[in-house]
> 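First the structure, then my questions, so here it is.
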Amino acid sequence: MSMSIQQEIKRAIEYTTQGNLKKAEILYKKIVKANPENHIVLSAIGLYYLNLGQFKQAKKYLLKSYSIKQIDATTEGLGLLHYHIKENDEALKYFEKIIDKTTNFDIIDKYINLLLEKKRFTEALKLAEKCKKLYPIKKESMEKYVYCLIHVGKFKEALNECLTLTKQYPKYSLGWIRLGLIYEMYFHDEVFAKTCYENAVKCGDKYGGYSNLLINASKTFNHVDALKYIKKLDNLKIRSDDLNFTKSVVYFKHREFMKAYKYYINRTSADKEAQNYFKFKTLWDGKKYKDEILLVYSDQGIGDCLMFSRYLPFLEKYFKQIKVLTRESIINLQKRSFKQYGKIKFYSCNIKRTPTHDKSILLSSLPYILKMDIDDIPYSNGYLIEDTSAVDKYKKLINSDKFKVGICWEAGGIGWRELLNRTLNVSLFEPFFEVKNTQFYSLQVNPTMDNYKDYKNLIDLGKTFKNFDDTAGALKNLDLLITVDTSVAHLAGALGIKTFMLLPYCPDWRWFDSNKTTEWYDSIKIFRQENTKSWDDVIDNIKIELKNWHNDYFGKI
């Protein structure tokens, strides 16, 4: 690149630094016009537009520069561009090409965020350690290291690091929020966690502080405080899908469905990937459109898809046809279960083209749009139909004269906070394995730890599952399921399978404040923690109940 071009680019940068953006843009365009195939010039103007947040223009120039020659600055710019427009897979692709060479904190920080989102926690921690070495006294670097330690469950190390962080930077709000999370998730000390979140508010982070205080109040069923924090957050007038969801949970937990949906349906992108991928048309307003087609998108997780699918039959009187976009792993199960409703057709979310339709709705919003409150929850006695061939298949694998019990001890989740709250170590189930004349079967797919292999009385069925038809086939051959809050629990309940479900003291909103039963499924019995620090009471109560069911079973033979 000639000296004159370098000088002109330097002058354009100076204009930008001085805030004279118009002059900078005119000069950049002049340079590009004179050098349309110069990759450095194209990269420079692309990065200029990126810094201004003009992503369409940035993408145009950065991609052209990248096609001519792949230099580090352009690669970093494309990674940042895709990160900002939430094309995370593309952002990962570019970051991965540069991450081993870069020392740019912004690049490392955002790449760690993406790794955490993808649940690649070990990689994220390794990179956070590198970042901390590069920037040992940078508070953002210290915080990110703490956050990654929390994600991999290294709470003691996270605590030590976080105490150092809050001591060195007592006015750094994110340090207090991370310390609160540690006390919340590791020590189960909601009181001190609350103090940490209050400190974050004092440091000026009202949004972060009040958001976590709201979660804290919601988890502990402190409805009065929760409503107080909702009001404070509403006064901030900050639009956030995550925040709206958190607010909705407060009302859901207290069985106030319609108030909950006030916030729930106001999430602008309830499923951002779906909104980007599928071109949805007008949102359904709940009125009848006899000559039109409704598209229902199955948002949230598999458990939600199973739970909310009970509302699909009620849509037939409103539309001439209902098209449901659903998960591939449950599509055959749903097709079979709702076969008698001729207007309902199922399509995989993996299809490349959106089915033709006139109106659209998210599956999880159906109770609200149908005006079916908590007292109107339908089909609590079961509504899904198993595949008889899968039942026969697992009858051969579950061939025992003993009392047959399935178990699940790990749950997936959109957020790590939810995941940790619903996942146990299989070793906690050891007391159950002591019950005589009982055979246990693992329905866990790809468990995180392999210590389940240590138990001779536990047969692994999870490795044979290809979809939820297989899981359902196995469940229909069992006498009982013992599980944490996971999609298998919803499947069992929707099939009418007798189930013992272990719930943490602060459960997901779907289970409300119930201690024994749930309005969603008649066949599920709840065993909920009496305190946040121990599962002993739950394990003891289940073992007693298991023995009783076991004795009744053999008494009937």
> I need the Glu140 CD to Tyr147 OH distance, nearest 0.5 Å.
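Reported value, rounded in 0.5 Å steps: 15.5 Å.
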> Give me the atom names and distance for the closest heavy-atom approach of Thr464 to Leu461.
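It is OG1-O, 2.6 Å.
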> Between Phe252 and Phe257, what is the ring plane arrangement, given parallel below 30°, perpendicular above 60°, and tilted in between?
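Geometry flag for Phe257 against Phe252: perpendicular rings.
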> Which atom pair, heavy atoms only, marks the closest approach of Val296 to Leu362?
CG1-C, 4.5 Å
> Look at the side chain of Asn332 and the backbone N and O of Lys335, then say whether any donor-acceptor pair between them is shorter than 3.5 Å.
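Not at all, since once roles are kept as given, no pair shorter than 3.5 Å links the two residues.
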> Take atom NZ in Lys232; do more than 12 heavy atoms of anything else shown fall under 6.0 Å from it?
no
> With distance as the sole test, does Asn216 use its side chain to make a donor-acceptor pair with the main-chain N or O of Asn212 at under 3.5 Å?
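No; zero donor-acceptor contacts below 3.5 Å.
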> Any carboxylate oxygen within less than 4.0 angstrom of a Lys/Arg side-chain nitrogen, looking at Lys118 and Glu123?
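Salt bridge flag = no for Glu123 with Lys118.
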> Are Asn244 and Ser248 packed together at the side-chain level, in the sense that at least one heavy-atom pair is separated by less than 4.5 angstrom?
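No. Closest side-chain heavy atoms not under 4.5 Å.
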> Looking at Lys132 and Glu161, is any side-chain nitrogen of the basic one under 4.0 Å from a carboxylate oxygen of the acidic one?
yes
> Closer than 3.5 angstrom, by distance alone: can the side chain of Arg327 be matched with the main-chain N or O of Ser298 as a donor-acceptor pair?
yes
> For the atom pair OG (Ser173) and OH (Tyr207), what is the distance rounded to the nearest 0.5 Å?
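Between atom OG of Ser173 and atom OH of Tyr207 there are 13.0 Å.
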> So, Tyr264 versus Tyr368, ring centres under 6.0 angstrom or not?
no
> Taking the ring of Phe432 and the ring of Phe440, is the distance between their centroids below 6.0 Å?
no
> Does a salt bridge link Asp106 with Lys110, judged by any charged N lying under 4.0 Å from a carboxylate O?
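The answer is yes: the pair qualifies as a salt bridge.
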> Working to the nearest 0.5 angstrom, can you tell me the gap between Asn88 CG and Leu115 CG?
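CG of Leu115 is found 11.0 Å from CG of Asn88.
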> Is a side-chain N or O of Asn222 found less than 3.5 angstrom from the main chain of Ser218, in a donor-acceptor match?
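Pair absent, no side-chain N/O of Asn222 close to backbone of Ser218.
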> Answer yes when Asp508 and Lys253 have at least one side-chain N-carboxylate O distance shorter than 4.0 Å, and no when they do not.
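Result for this pair is no, no salt bridge flagged.
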> Within the side chain of Arg310, is there an N or O that forms a donor-acceptor pair under 3.5 Å with the backbone of Met307?
yes
> Name all residues meeting the side-chain contact (heavy atoms from CB on, under 4.5 Å) criterion together with Ser523; count only those two or more places apart in sequence or in a different chain, and write none if there are none.
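Ser523 satisfies side-chain contact (heavy atoms from CB on, under 4.5 Å) with no other residue.
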> Main chain of Met501, side chain of Thr499: is a donor-acceptor contact present, judged purely on distance under 3.5 Å?
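Pair absent, no side-chain N/O of Thr499 close to backbone of Met501.
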> Between Lys476 (side chain) and Tyr394 (backbone), is there a donor-acceptor pair under 3.5 Å?
no
> Hey, is Glu90 close enough to Lys93 for a salt bridge, meaning N to O under 4.0 Å?
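Counted as a salt bridge, because a side-chain N and a carboxylate O are separated by less than 4.0 Å.
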> Going by side-chain contact (heavy atoms from CB on, under 4.5 Å), name the residues that satisfy it together with Val201, two or more places apart in sequence or in a different chain.
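Here the qualifying residues are Lys206, Tyr210, Leu213.
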> Can we call the ring centroids of Tyr94 and Tyr66 under 6.0 Å apart?
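Yes, they do, as the ring centres are separated by less than 6.0 Å.
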> Distance check, rounded to the nearest 0.5 Å: Trp176 atom CH2 versus Cys203 atom SG?
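It comes to 7.5 Å.
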> Does Arg255 come within less than 4.0 Å of Glu519, counting only side-chain N to carboxylate O?
yes
> Between the main-chain N or O of Asn160 and the side-chain N or O of Thr164, is there a donor-acceptor pair closer than 3.5 Å?
yes
> If you compare all heavy atoms of Leu179 against all heavy atoms of Cys162, which two are closest, and at what distance to 0.1 Å?
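Heavy-atom minimum between the residues: N-SG, 3.4 Å.
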> If I compare all heavy atoms of Leu491 with all of Ala472, which pair ends up nearest, and what's the gap?
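What the structure gives for the nearest pair is CD2-N, 3.8 Å.
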> Is the Phe121 ring parallel, tilted or perpendicular to the His151 ring (thresholds 30°, 60°)?
tilted
> Kindly say whether the aromatic ring centers of Tyr521 and His490 come within a distance under 6.0 Å.
yes
> Can a salt bridge be assigned to the pair Asp485 and Arg510 using a cut-off of 4.0 Å between side-chain N and carboxylate O?
no
> Determine, for Lys194 against Asp189, whether the closest basic-nitrogen to carboxylate-oxygen distance falls under 4.0 angstrom.
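Salt bridge: no.
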> Identify the heavy atoms of Cys131 and Ile108 that sit nearest to each other, and give their distance.
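The answer is CB-CG2, 3.8 Å.
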> Does atom CG of Asn446 have more than 12 heavy-atom neighbours from other groups under 6.0 Å away?
no
> Rounded to the nearest 0.5 Å, how far does CH2 of Trp409 lie from CG of Leu502?
13.0 Å
> Could you give the distance from OG1 (Thr354) to NZ (Lys323), rounded to the nearest 0.5 Å?
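Answer rounded to 0.5 Å: 10.5 Å.
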> Fit a plane to each ring of His84 and Phe55, take the angle between them on a 0 to 90° scale, and name the class: parallel (under 30°), tilted (30 to 60°) or perpendicular (over 60°).
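His84 vs Phe55 ring planes: parallel.
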> Sub-3.5 Å donor-acceptor pair from the side chain of Asp470 to the main-chain atoms of Lys466, do we have one?
yes
> For Asp387, what residues pass the side-chain contact (heavy atoms from CB on, under 4.5 Å) criterion, not counting sequence neighbours?
Arg336, Ser389, Ala390, Asp469
> Less than 3.5 Å apart, any donor N or O on the side chain of Ser364 or Asp304 sitting next to an acceptor on the other?
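There is no such pair (donor and acceptor under 3.5 Å, judged by atom type) between the side chains of Ser364 and Asp304.
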> With side-chain contact (heavy atoms from CB on, under 4.5 Å) as the test, would you mind laying out the steps for Lys139 and Lys171 before giving the verdict?
CA-CA 11 Å; Lys139 61 181 183 290; Lys171 294 184 179 180; over 6 Å; no
> Please check if the side chain of Thr102 supplies one atom and the backbone of Ile99 the other of a donor-acceptor pair under 3.5 Å.
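Not a single qualifying donor-acceptor pair exists.
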